[in-house]
2 protein chains.
Amino acid sequence: MARPLKPLLSRAMIVDAALHLIDKGRPFTIPALGQHLGVHPSSLYHHVSGRQEILELIREQLLMSGATSAPATPPSGPWQDSVRDWAQKYRSSFAEHPHLVRLLTAQTVESLPVLQSYETLAQALRTAGFTPVQVQMAITVLDNFFLGSALDLAAPEEVWQTSQFPDSALAAAVRESPTGVERADAAFEFGLKALLIGLEALRGPA
Amino acid sequence: MARPLKPLLSRAMIVDAALHLIDKGRPFTIPALGQHLGVHPSSLYHHVSGRQEILELIREQLLMSGATSAPATPPSGPWQDSVRDWAQKYRSSFAEHPHLVRLLTAQTVESLPVLQSYETLAQALRTAGFTPVQVQMAITVLDNFFLGSALDLAAPEEVWQTSQFPDSALAAAVRESPTGVERADAAFEFGLKALLIGLEALRGPA
DNA sequence: ACCTGAACACCGTTCAAGT
DNA sequence: ACCTGAACACCGTTCAAGT
């Protein structure tokens, strides 16, 4: 067969197929990806440097999916709005791909557009009066919380096995709460609200 | 060589060696583990069912060591103290084994001692006036933040590659901040403080 | 440039052979 | 029972050969 008249693959096709594979809960392997694309595993390397880059491209596509019209506007308005924008983008991207999160925690963020979204947030925080060190800590805190919350999306229906002590405060709390994605979403909103309040209280030189 | 007069291995030896390997930041593989123990990879399977069980044994050992120093005292004093206690226990368990966290997030944990520490926290929050649903959300929020922060402990020295735009607010924030574990710890403390403030503000029926 | 297929250096795990 | 070493079914990645 050798080289076809028209390329059988493209980076976009590879990224789409990979995401599809991951969303199905299947292990993300190069052979499986090749098979899904009707191509030999080694063919992928003509378009992509390797497995790691594929994951990085997925991250980029997801976090930037709504950003085609993003002309890097300097942040305006209260800093809380910038955080909420960032949170929403972050969260909605991963909510539909819960299995993806664990794969992405394996490596560092290298994508330039993603870094730029951090920069936007940093500017908003700095302008609002957070010190540089606080900017770094606040972004780290938000990032950590978002990451943990994203992993929480892939958690089982029953997060805690309270059946062993049904009269506990924990069991009561679980009983009155929603389950599944609803539970994860409610907790995320609650935590975000708490963080916005808490960070505002800590804003500025000590 | 065949069977030695005295076993060369034991479960404890395997667990110790595995943890040692992980803490060195080396990839946790069976061949590497065998080599470190001066034994062929296949020998391990006489003592352990496989890689997964080794990780489970490590978790168990870590949780045990934390539980011995933790008498089940009913919560007293402000709820913030209970949260701080919980946070400290949680964090110190993983702070010495940062590379372990990612390996253990692959599975859920339902160990009884761990659940009991959640229950203690739930009681403190309930007593303090959080509604049952808020108790569930608050614990989830803290859990997510702690997990994200634990993963952060294994982050590379340079979390964000700001070298490409050295004049950014992000670069300035990074420049004035500590690096490594110091950075992760500072952010953790900052985030915990913010959460305690924010959760206090949200406490009670809306 | 782009797909193929053989090849390489790895994995985790199994199992018959030896004592 | 417990270690060995060969073997199996996988990985991710490389590369010469083909068009």
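Please read all numbers here as calculations on a predicted model, not as lab measurements. Each chain gets a letter, A, B and so on, in the order the sequences are listed, and its residues count up from 1.
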Considering just the side-chain nitrogens and oxygens of [X], establish if one lies under 4.0 Å of OP1 or OP2 belonging to [N].
X     : N      : answer
A:R51 : D:dG12 : yes
B:H47 : D:dA1  : no
A:S43 : C:dT4  : yes

**Prompt:** Does CD in A:Q88 sit with more than 12 non-hydrogen atoms of other residues, nucleotides or ligands closer than 6.0 Å?
**Reply:** no
Atom [atom1] of [X] and atom [atom2] of [N]: how far apart are they, to the nearest Å?
X     : N      : atom1 : atom2 : result
B:L8  : C:dT19 : CG    : P     : 16 Å
A:H40 : D:dG12 : NE2   : C1'   : 16 Å
B:L44 : C:dC11 : CG    : P     : 13 Å
A:L21 : D:dG12 : CG    : P     : 11 Å
B:M13 : D:dC3  : CE    : C1'   : 13 Å
A:I30 : C:dC3  : CD1   : P     : 15 Å
A:L33 : D:dC11 : CG    : P     : 12 Å
B:K6  : C:dT19 : NZ    : C1'   : 18 Å

**Donor-acceptor under 3.5 Å (A:R126 side chain, A:V135 main chain)** = no
**Prompt:** Is there a donor-acceptor contact under 3.5 Å from the side chain of B:S49 to the main chain of B:Y45?
**Reply:** no
**Prompt:** Which base, if any, makes a Watson-Crick or G-U wobble pair with C:dA9, both distances under 3.5 Å?
**Reply:** none
**Prompt:** With both distances kept under 3.5 Å, what pairs with C:dC3, Watson-Crick or G-U wobble?
**Reply:** none
**Request:** Specify whether B:F130 and B:W79 have parallel, tilted or perpendicular ring planes, treating 30° as the upper limit for parallel and 60° as the lower limit for perpendicular.
**Result:** perpendicular
**Request:** Please tell me which of the listed nucleotides, C:dC11, C:dT4, C:dT14, lies nearest to the side chain of B:S42?
**Result:** C:dT14
**Message:** Using the side-chain heavy atoms of B:R3, tell me which of these nucleotides is nearest: D:dT4, D:dC2, C:dT14.
**Reply:** D:dC2
**Message:** Any N or O donor-acceptor pair under 3.5 Å from the base of C:dC3 to the side chain of A:H46?
**Reply:** yes
**Aromatic centroids of A:F94 and A:F146 separated by under 6.0 Å** = no
